[in-house]
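Reminder, nothing fancy here: chain letters follow the sequence lines and each chain counts from 1.
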There are 2 protein chains.
Amino acid sequence: MNVTKNILRLSNQVCFPLYAATRQITKLYRPLLEKLGVTYPQYLVLLVLFEEETVTVKELGEKLYLDSGTLTPMLKRMEEHGLVERRRSSVDERVVDVSLTNKGRAIEKQAEKIPVKFSEEILLEQDEFEELKRLLTKILDQV
Amino acid sequence: MNVTKNILRLSNQVCFPLYAATRQITKLYRPLLEKLGVTYPQYLVLLVLFEEETVTVKELGEKLYLDSGTLTPMLKRMEEHGLVERRRSSVDERVVDVSLTNKGRAIEKQAEKIPVKFSEEILLEQDEFEELKRLLTKILDQV
DNA sequence: TTCAATTTAATTGTGTACAATTTAATTACA
DNA sequence: TGTAATTAAATTGTACACAATTAAATTGAA
């Protein structure tokens, strides 16, 4: 086995398990989120809006690392489903403010149960969870 | 701050940094892979084929955690670009065997440089890399 | 003040992802 | 042997994801 093969081995890459684990975990979330009628990225938008009354598309993008090309159509879908409201800012017409509707706010109580259920399905120790989060956040802070 | 808000805080979730870090890292890969004319998932297919002469679509799916709905169109694009060859197995007509063309094989030497360049851009200690990989693999093995 | 530079969303086009279904081939068992 | 069950890809439809471009509003410097 030459050096090349070792470097390129799937099992030696850290990015591959990252890529694969993310998708598998998103799949675990799916049945839980389906009951709320949202996808995982839409759920993240809700989490932001549970914390802040109103955010702009730009702020959402900064928090979630997504651009308007992803957010605009996603927010339109959420608006169609009656979860959020999009409104041009009267202060600055370039800006679009996003906020929860009553229907969106009503989901918060259901959403509480998801992280709990989830941590029951993923069998990591508490300190492993913390370490994983620390390492991922360290990467995120660099890029 | 009530308990609910704490549970649902973006910063308290482990899945969010996982989701975000994966996409940010894939973006880091992009300029490197662009030179090879492939996307990140396509690069993963190449990695498998550098290790194994021929794999079926099913085997690819098992290794990369992807289904035919993703792989079939992706492999067709790679075939159009002259990187791989798709051929119905003569032993079992249901099966499609995938293998590298000469052009695909020629990429291996360029591909070697990518993990090296990449590890230079991500500033994690060697043991942190190992720990991250261990935790992600542990999750993958569960789901 | 004016107009060029910047900023914010939206749009366009390509490429994943994946659930659900379909099609064709193979296997298993009555 | 004949047919039901299973298997492997492909297809269909929906939803991200993101680079690149566009359009409209705002800002800033001459």
Side-chain angles (χ1 to χ4, degrees), chain A residues 16 19-34 36-45 55-62 64-81 83-84 86-98 143, chain B residues 16 19-34 36-45 54-81 83-84 86-98 143:
Chain A
F16 170 64
Y19 161 79
T22 297
R23 288 183 298 105
Q24 295 313 299
I25 284 186
T26 304
K27 266 190 214 172
L28 272 188
Y29 262 100
R30 199 181 307 272
L32 304 176
L33 293 171
E34 225 159 51
L36 310 192
V38 295
T39 64
Y40 183 71
Q42 290 176 10
Y43 169 70
L44 295 177
V45 170
V55 287
T56 68
V57 172
K58 179 183 158 67
E59 287 166 346
L60 260 182
E62 284 167 355
L64 302 181
Y65 300 84
L66 293 170
D67 69 6
S68 67
T70 301
L71 287 172
T72 297
M74 193 168 96
L75 292 169
K76 281 182 181 173
R77 280 187 289 272
M78 293 179 78
E79 191 175 39
E80 279 169 23
H81 291 140
L83 295 173
V84 302
R86 294 158 65 244
R87 189 182 303 198
R88 286 273 163 196
S89 163
S90 52
V91 181
D92 184 339
E93 286 283 338
R94 290 171 303 181
V95 172
V96 168
D97 290 319
V98 183
V143 295
Chain B
F16 171 65
Y19 160 80
T22 297
R23 287 183 298 107
Q24 297 310 300
I25 284 186
T26 305
K27 266 191 213 172
L28 273 187
Y29 263 100
R30 200 181 306 271
L32 304 175
L33 293 171
E34 227 158 49
L36 309 191
V38 294
T39 63
Y40 183 70
Q42 290 174 10
Y43 169 70
L44 294 178
V45 170
T54 299
V55 287
T56 68
V57 171
K58 178 183 158 69
E59 287 165 347
L60 261 181
E62 285 167 354
K63 284 174 194 292
L64 303 181
Y65 300 83
L66 292 170
D67 68 7
S68 67
T70 301
L71 287 172
T72 297
M74 194 169 97
L75 292 169
K76 281 182 181 172
R77 281 188 287 273
M78 294 179 78
E79 190 175 40
E80 280 170 22
H81 292 139
L83 296 172
V84 302
R86 295 158 66 244
R87 189 183 303 198
R88 285 276 163 193
S89 163
S90 52
V91 182
D92 184 339
E93 286 284 338
R94 291 172 303 181
V95 172
V96 168
D97 290 319
V98 183
V143 295

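- In this structure, A/Arg30 does not pair ionically with A/Glu34, as no charged nitrogen and carboxylate oxygen lie closer than 4.0 Å.
- Where A/Arg23 and B/His81 meet DNA chain C, the nucleotide closest to each residue was compared, and B/His81 sits on the side nearer the 5' end.
- Formation of a donor-acceptor pair under 3.5 Å by the B/Arg86 side chain with backbone atoms of B/Leu75 is not found in this model.
- Ring geometry, A/Tyr19 versus B/Tyr40: the interplanar angle exceeds 60°, so the pair is classed perpendicular (tilted spans 30 to 60°).
- Separating the CD atom of B/Glu34 from the C1' atom of C/dT14 is a distance of 12 Å, rounded to the nearest angstrom.
- When the nearest nucleotides of DNA chain D are assigned to A/Val91 and A/Tyr40 by heavy-atom distance, the more 5′-ward of the two goes with A/Tyr40.
- For D/dA17, neither phosphate oxygen OP1 nor OP2 lies less than 4.0 angstrom from any side-chain nitrogen or oxygen of A/Tyr65.
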Base-contact (B) and sugar-phosphate-only (S) positions in nucleotides 4-10 of chain D, heavy-atom cut-off under 4.0 Å, - elsewhere: ---BSBB
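- To the nearest angstrom, C1' of C/dA17 lies 14 Å from CG of B/Leu44.
- A salt bridge does not link B/Lys63 with B/Glu59: every distance from a Lys NZ or Arg NE/NH1/NH2 to an Asp or Glu carboxylate oxygen is 4.0 Å or more.
- Contact annotation: A/Arg30 reaches the phosphate of C/dA19 (side-chain N/O to OP1 or OP2, under 4.0 Å).
- Looking at heavy-atom distances under 4.0 Å, A/Thr70 makes contact with a base.
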